[in-house]
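Heads up: the structure comes next, in structure tokens.
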Amino acid sequence: MATMGQLWTNTGSGLATLMFVYTIFKQFFPQFGDNLEPLFHRIFGLFYPYIQITFHEYSGEHFKRSEAYLGIQSYLSKDSSARAKKLKANTTKGSKSLVLSMDDKEEITDDFEGVRVWWQSKKEGASRQSFSFYPEADEKRFYMLRFHRRDREVIIKKYLDHVMREGKTIELKNRERKLYSNTPGQNHGNNTKWSHVTFEHPATFDTLAMEETKKEEIKSDLVKFSKSKDYYKKIGKAWKRGYLLFGPPGTGKSTMIAAMANFLDYDVYDLELTTVKDNTHLRRLLIETSAKSIIVIEDIDCSLSLTGQRKKKEEEEEDGDDKNMIEKKMIKNEGENKESKVTLSGLLNFIDGLWSACGGERIIVFTTNFVDKLDPALIRKGRMDKHIEMSYCCFEAFKVLAKNYLDVEESELFEEIKRLLEVEEIKMTPADVGENLLPKSEKEGAETCLKRLIEALKEEKEEAKRKVEEEAKQKKEEEEEKQRKKERKAEMDAEKEKKKKIEENGEEEHRV
Ligand SMILES: Nc1ncnc2c1ncn2[C@@H]1O[C@H](COP(=O)(O)OP(=O)(O)OP(=O)(O)O)[C@@H](O)[C@H]1O
Ligand SMILES: [Mg+2]
């Protein structure tokens with residue numbers, strides 16, 4: 001009895017013969033060729049149990065590569081680099097690394113839910129003899145997917161979706177991420193537009209100096225957000241999340257944003273509100289942002305009329321005597337508002353409303369040095385979902401910096417540093433700690449740097465002590481001055497009282 005292999009070989013050669021006969025027949029009797037083609041395909045289909053789908057590189061719009069083709073290319077790149085024997089290396093626009101894909105005429109197999117498929121990279125078209133600047137223009141590349149017809153359901157309903165989804169994920173991972181900014185140098189008429197550079201900030205959560213538990217909490221919050229597309233859809237909320245980072249300068253707010261972007265593989269839009277003319281312009285800029293991005297507004301407390309309204313209010317509450325001063329300030333505020341008319345409500349409306357229509361996930365991050373200065377409407381939960389305090393360097397954070405800067409994980413000097421940071425509670429920002437740990441010459445070893453940090457911490461302690469003493473002294477002097485004023489006033493009052501009495505007595509004597 002013939003084996004399965006022999007059976008297929010026989011069928012295969014039978015089909016080849018049929019094809020050959022048909023081609024000859026078509027050449028000699030072209031008038032019958034077209035009529036017989038459907039019949040031929042039907043006969044061929046009876047013996048050939050496979051279905052083929054082709055995905056062309058260029059389809060539809062001219063010069064625009066088909067998304068499906070690119071998705072498949074990315075999807076297959078992970079397997080082809082491991083399995084195909086002939087590979088092709090490409091740099092695609094916006095990709096940060098080489099994309100390896102299988103070369104023309106190569107075939108690889110893929111298994112999905114127990115179903116096997118075959119992918120082939122193919123090329124068709126004339127190879128021109130004449131010279132052209134675009135020698136490849138006539139070549140048409142495509143991927144051909146082949147599968148057994150009994151698997152049609154799985155392939156059409158599930159597998160192709162799976163390929164596209166995975167392909168997109170790989171594409172996103174490979175893409176070059178961008179840092180966008182709306183700098184005033186890029187003026188178009190009156191409005192600034194986004195310009196971009198490659199985003200290559202090296203900060204990661206591993207290099208971020210912060211308590212481990214806090215880092216883990218933020219990381220899992222980000223992961224949960226990025227995977228919650230369906231959840232946000234279900235609850236009818238725009239797929240966005242707001243973070244407020246607050247803390248003194250040099251505690252790592254900007255570094256944290258870079259670490260977030262690197263962690264999620266998102267683009268960053270650095271929005272400079274002072275160059276945004278008005279709410280309409282702001283809206284346009286925000287609508288232009290792409291999905292998978294972090295929109296950053298740094299130092300929100302310094303951002304013009306957002307706090308301008310508050311400034312006016314505060315001024316009204318000021319001592320009425322200084323009217324001239326207030327008027328001057330008001331004029332100044334109006335001047336500022338003229339330059340930029342972005343309002344708090346404009347920004348809030350956008351955060352709350354329009355994003356729902358934009359689709360795609362976005363994170364918005366505000367940073368500030370003074371959280372108390374912000375309008376409560378801006379930072380209420382729901383708008384800024386997570387408030388993260390970036391504070392002075394703790395021992396755990398120091399250890400991260402020591403590892404980053406000096407490659408040191410243990411040292412007997414650590415005890416002293418721990419005591420200074422935890423027992424003495426000396427406040428130093430991670431930026432200052434880092435500056436002290438940074439070797440200043442080739443010769444400087446880790447120990448020298450750690451000792452420099454200890455000295456700096458001690459100096460900081462002295463400085464803090466001096467400050468406290470100075471403040472106490474100033475306060476005491478103010479109290480004394482107040483007391484003196486009080487006593488002087490009491491003396492003057494007594495004097496007045498005395499005078500009054502004398503005068504009253506004089507009048508009485510006069511009357512008597
Ligand atoms: N938590 C941290 N972990 C690691 N490096 C840090 C940290 N904080 C500060 N640094 C270092 O200090 C420098 C300044 O930090 P960063 O710009 O992030 O501070 P910031 O809080 O944004 O300050 P500002 O309020 O002035 O904008 C960074 O280049 C970084 O190297
Ligand atoms: Mg900053």
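All ligand and atom numbering here is 1-based and tracks the order in the structure. As the structure is a prediction and not an experimental result, all values here were calculated from the model.
- In this structure, the protein non-hydrogen atom closest to atom 5 (N) of ligand 1 is Leu401 CD2, 4.1 Å.
- Nearest protein neighbour of atom 25 (O) of ligand 1, counting heavy atoms only, is Lys253 NZ, 2.8 Å.
- When non-hydrogen atoms are compared, ligand 1 lies under 4.0 Å from the backbone of Thr207 (N, CA, C, O) but not from its side chain.
- The protein atom (non-hydrogen) at minimum distance from atom 1 (N) of ligand 1 is Ala209 O, 2.9 Å.
- In terms of polar-atom proximity, Gly250 is counted as a contact of ligand 1, with an N or O under 3.5 Å from an N or O of the ligand.
- Looking at atom 28 (C) of ligand 1, its nearest protein heavy atom turns out to be Thr255 OG1, 3.7 Å.
- Close approach of ligand 1 to Asn369 (heavy-atom distance below 4.0 Å) involves ligand atoms 25 (O).
- Among all protein heavy atoms, the one lying closest to atom 31 (O) of ligand 1 is Tyr405 OH, 3.9 Å.
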Should Asn262 and Thr204 be marked as a side chain to side chain donor-acceptor pair (under 3.5 Å) after you check the CA-CA gap, both sets of side-chain angles, and the distance that decides it? CA-CA 6 Å; Asn262 285 334; Thr204 62; over 6 Å; no
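- Ranking the protein heavy atoms by distance from atom 6 (C) of ligand 1 puts Pro430 CB, 4.1 Å first.
- For ligand 1, the polar-atom distance check against Gly252 finds a nitrogen or oxygen pair separated by under 3.5 Å.
- Checked by distance only, ligand 1 and Leu208 stay at 3.5 Å or farther apart across all their nitrogen or oxygen atoms.
- Taking backbone and side-chain atoms together, Thr367 has no N/O/S atom less than 2.8 Å away from the Mg ion (ligand 2).
- Here the two rings, on Phe414 and Phe398, have centers that are under 6.0 Å apart.
- The aromatic rings of Phe263 and Phe205 sit perpendicular to each other, their planes meeting at more than 60°, with 30° as the lower class boundary.
- Remark: Leu222 CG to Glu217 CD distance equals 10.5 Å, nearest 0.5 Å.
- For the residue pair Thr274 and Glu272, a side-chain donor N or O sits within less than 3.5 Å of a side-chain acceptor on the partner.
- Two rings, from Tyr143 and Tyr69, have their centers less than 6.0 Å apart.
- For Phe246 and Phe370, the distance between ring centers is not under 6.0 angstrom.
- Taking each of Cys393, Pro249, Ala431 in turn, the one with a heavy atom nearest to atom 11 (C) of ligand 1 proves to be Ala431.
- In terms of N/O distances under 3.5 Å, ligand 1 is approached by Ser254.
- A salt bridge links Lys168 with Glu67: the closest approach of a Lys/Arg side-chain nitrogen to an acidic carboxylate oxygen falls below 4.0 angstrom.
- A salt bridge does not link Lys240 to Glu361: none of the charged nitrogens lies less than 4.0 Å from a carboxylate oxygen.
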